[in-house]
Amino acid sequence: MQVIRSLAQARALFDVFGQPIGFVPTMGALHEGHLELVRQARSECTTVAASIFVNPMQFAPGEDFERYPRDLDADCVKLTETGVDIVFVPSDDEIYPAGFSTAIDVGALASVYEGAIRPGHFRGVATIVAKLLNVVHPQVLYVGQKDAQQTAVLRKMVRDLEIPVHVEVVPTVRDSDGLALSSRNAYLNAAERAQAPSLYRTLLALRDALEAGMSKSAAIQRARSELGSLAVLDYLDVVDADTFEPLEAMRPPSFAIAAARFGATRLLDNVWMPHG
Ligand code: PAF
């Protein structure tokens, strides 16, 4: 696996690697969820590229940018073992040189749910991913269903701006107790970790109640009782999969989405609503 650090190196290299190129952007602290994206890219593409960059633009002041887990050596071992050909590890200065000021805003989709709680977050995500796509020039971009709203934001950006890449969404990988894998799970203490799978159970309970014909407000009320006592719910809702507009009833394609804080750690999850 080649590790490259500069934009100039990246541009030269990606032009000579075989196509299609599958690209997995990450912020490192890699777990099985990321590796599943790599495995799917490996099975579908000639060249597999990944990036590791903890993107300051998508963190608000006071969020966990400084303490976000970083372990480049361990990440490189995992990427090599999973068959990545090139990993791009740029510095902050390469990505955001002095005078950098452009940003991508996909509109209303970026200002609800995660976007309402983390203003500017999706602006940072869309901007870095657009920049990385312009450097790597992949044919396929691999993203995880776990971050459903981020996935919708990136699909919208690609559609609206005619970026020539296919966005492939890979299903969420879960621990055996149902907890969706996330780099932030490492922040949970033992009691929080024990209760964290209740977020997934809450979503399943919401889906079951809606399937049984309950109204959305009654279904949400019932589902909330699944949440562990340590959890503080930020939102629990059923939304259109593309626009994230709230839906009153199940209408595919839609997701049940939830975010909750367990102590200082925010966890997100979602489940697809059945396709009728
Ligand atoms: O999902 C992430 O890890 C990040 O938001 C991404 C897509 C790598 C952009 O920084």
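Hydrogens, waters and symmetry mates are skipped; everything else that's a heavy atom, side chains included, is used. Just follow the structure's listing: the first ligand is 1, and inside any ligand the first atom is 1.
- Judged by the 6.0 Å distance and 45° axis criteria, R70 is positioned over the aromatic ring of F65.
- Regarding atom 3 (O) of ligand 1, its nearest protein heavy-atom neighbour is M27 CG, 3.6 Å.
- Protein heavy atom in closest approach to atom 7 (C) of ligand 1: Q150 NE2, 3.5 Å.
- Side-chain contacts under 4.5 Å among hydrophobic residues (ILVMFWY), followed directly or transitively, place V173 together with L181.
- Within the listing of ligand 1, atoms 9 (C), 10 (O) sit less than 4.0 angstrom from a heavy atom of I128.
- Only the backbone of T26 comes within 4.0 Å of ligand 1, counting heavy atoms alone; no side-chain atom from C-beta on gets that close.
- Cluster membership check: M1 does not share its hydrophobic cluster with F88, using side-chain heavy-atom separations under 4.5 Å among Ile, Leu, Val, Met, Phe, Trp and Tyr.
- For a threshold of 3.5 Å applied to N or O pairs, the pair formed by Q58 and ligand 1 contains at least one separation below that value.
- Clustering ILVMFWY residues whenever any of their side-chain heavy atoms sit less than 4.5 angstrom apart, transitively, puts V143 in the very cluster that holds L133.
- Under a hydrophobic clustering in which Ile, Leu, Val, Met, Phe, Trp and Tyr are joined whenever their side-chain heavy atoms come within less than 4.5 Å, directly or via other members, V167 and V48 fall into different clusters.
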